Amino acid sequence: MTGLKLAGRAIPSTQVTAVQVGNIRVGEDFALIAGPCSVESEKQTISTAVMVKNAGANMLRGGAFKPRTSPYDFQGLGLKGLKILRQARDETGLPVVSEVIDARDAGWVSEYVDVLQIGARNMQNFALLKEVGRLGKPVLLKRGMNSTMAEWLNCAEYILSEGNRQVILCERGIRTAETYTRNTLDLSIVPSVREVSHLPVIVDPSHGTGRLSLIEPMSMAAVAAGAHGLMIEVHCNPEEALCDRDQAMHPSDFAVLSEKVRNLNSYLRERGGTCRDQ
Ligand code: PEP
Ligand code: MN
């Protein structure tokens with residue numbers, strides 16, 4: 001793929017660039033990121049964090065700034081949410097991933113989180129990409145819901161070219177004719193990215209399907225396709241989730257999923273993986 005000076009593989013290579021987050025090397029160690037769609041309260045976030053940690057997650061997710069379709073829906077707790085995430089990290093030791101939606105906030109938000117998430121709706125917010133490119137924090141770059149792989153990788157290039165080499169890609173589903181699922185999880189993008197880029201790539205089957213029953217099978221499929229990790233929405237009390245209730249997984253179901261994906265990942269790795277460079 002042309003034009004990708006930093007995101008592309010210059011020559012077919014066996015290397016994936018690992019991104020260090022806490023004591024995890026994303027790209028080498030399997031990243032299992034779990035937590036609520038949004039930080040709603042201290043109790044909800046801490047109890048979910050403890051439960052996902054006990055179930056095998058090695059990173060905590062939680063939105064403090066929510067890019068909602070309607071301006072009347074819950075927009076997130078902002079700074080208060082970031083402080084709760086920091087407390088959850090202190091109590092569990094889990095590194096924290098949270099979304100930033102405005103370039104003007106990126107600097108101070110980065111002081112509260114271990115990974116800055118760029119959401120699907122902001123994938124091509126170039127001012128935001130340049131800003132997180134100037135910060136020294138790992139960035140999780142979600143694929144836009146209407147974006148090609150080339151557009152997505154060029155957005156990674158924006159971050160890399162500002163000097164920040166710590167980029168993790170995340171497939172989260174794209175828009176197609178299908179309406180049964182919230183989005184169409186494009187798993188063929190995983191081995192495709194791995195053919196043309198050295199960046200680690202993970203999969204979010206929660207937003208990718210929007211359906212609880214599909215999260216586990218698509219997690220297994222993502223691992224088989226060569227994903228370096230998963231991001232799953234888990235809530236301590238799914239029926240009461242303020243955001244994305246229909247896809248909020250109960251911690252006990254997440255524990256089952258966690259064990260299955262880790263077993264599958266180990267099984268595949270021991271046999272050389274499904275991608276050439278695993
Ligand atoms: C999220 O992960 O919280 C989120 C809003 O996802 P996406 O940007 O993929 O819709
Ligand atoms: Mn969500």
Side-chain angles (χ1 to χ4, degrees), residues 31-40 44-45 48-49 52 57 59-71 73-78 81-82 84-85 88 96-102 105-106 109 113-125 128-129 132 138-147 151-152 155-156 167-176 181-187 189-190 201-212 214-215 218-219 222 227 229-250 254:
L32 191 50
I33 308 170
C37 180
S38 57
V39 175
E40 298 166 8
Q44 167 252 12
T45 302
T48 305
V52 297
M59 269 186 242
L60 176 69
R61 65 147 287 140
F65 296 94
K66 296 306 302 177
R68 304 302 298 279
T69 301
S70 165
D73 288 340
F74 178 58
Q75 303 285 307
L77 296 180
L82 293 170
I84 293 172
L85 283 173
V96 162
V97 186
S98 198
E99 181 167 352
V100 57
I101 58 177
D102 191 319
D105 298 332
V109 171
V113 303
D114 299 283
V115 180
L116 285 163
Q117 178 171 321
I118 303 290
R121 290 158 192 79
N122 271 312
M123 184 197 84
Q124 283 186 318
N125 180 338
L128 181 58
L129 297 176
V132 299
V139 177
L140 183 84
L141 178 63
K142 288 194 141 191
R143 181 185 183 188
M145 57 191 81
N146 295 304
S147 304
E151 288 163 343
W152 187 23
C155 291
V167 177
I168 303 160
L169 299 165
C170 180
E171 158 65 21
R172 48 78 73 206
I174 51 172
R175 287 209 164 146
T176 65
T181 45
R182 182 176 178 184
N183 291 286
T184 296
L185 191 64
D186 177 15
L187 289 183
I189 204 78
V190 173
V201 55
I202 72 163
V203 169
D204 169 357
S206 301
H207 293 93
T209 66
R211 283 183 175 263
L212 267 183
L214 303 184
I215 295 173
M218 295 315 282
S219 295
L230 293 166
M231 176 183 258
I232 315 277
E233 286 191 345
V234 180
H235 195 289
C236 58
N237 199 351
E239 307 74 44
E240 286 176 15
L242 291 182
C243 186
D244 289 350
R245 189 175 304 153
D246 295 344
Q247 67 195 40
M249 191 172 250
H250 193 276
F254 173 71

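Order of listing sets the numbers, starting from 1, for every ligand and every atom in it. Not measured: the values here are computed from a predicted model.
- For the pair Gln117 and ligand 1, a heavy-atom separation below 4.0 Å is found.
- Residues Lys142 and Glu99 fail the side-chain proximity criterion, which asks for heavy atoms closer than 4.5 Å.
- Heavy-atom separations between Arg143 and ligand 1 are all 4.0 Å or longer.
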Would you check, one step at a time, whether the test side-chain contact (heavy atoms from CB on, under 4.5 Å) holds for Val100 with Ile118?
CA-CA 6 Å; Val100 57; Ile118 303 290; 4.2 Å; yes

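- His207 and Glu233 share a donor-acceptor pair across their side chains, judged by distance under 3.5 Å alone.
- Counting heavy atoms from C-beta outward, Cys243 and Arg68 have side chains that approach closer than 4.5 Å.
- The contact set between ligand 1 and Glu99, taken as ligand atoms under 4.0 Å from a residue heavy atom, comprises 5 (C).
- Between Asp204 and ligand 1, a contact under 3.5 Å exists for no N or O pair.
- Ion pairing of Arg182 with Asp246 is absent here, as no side-chain N (NZ or NE/NH1/NH2) approaches a carboxylate O to less than 4.0 Å.
- With hydrogens and angles ignored, the 3.5 Å screen pairs a side-chain donor or acceptor of Asp204 with a backbone N or O of Ser206.
- Put simply, the side chain of Ile101 does not reach to within 4.5 Å of the side chain of Asn125, judged on heavy atoms.
- Contact annotation: Cys37 places an N, O or S atom under 2.8 Å from the Mn ion (ligand 2).
- When each atom of ligand 1 is checked for a heavy atom of Arg172 under 4.0 Å away, the hits are 7 (P), 9 (O), 10 (O).
- If you check which protein heavy atom lies closest to atom 3 (O) of ligand 1, you get Arg61 NH2, 2.8 Å.
- Taking any N or O of Gly119, backbone or side chain, none lies under 3.5 Å from an N or O belonging to ligand 1.
- With a 4.0 Å cut-off on non-hydrogen atoms, Met145 does not touch ligand 1 at all.
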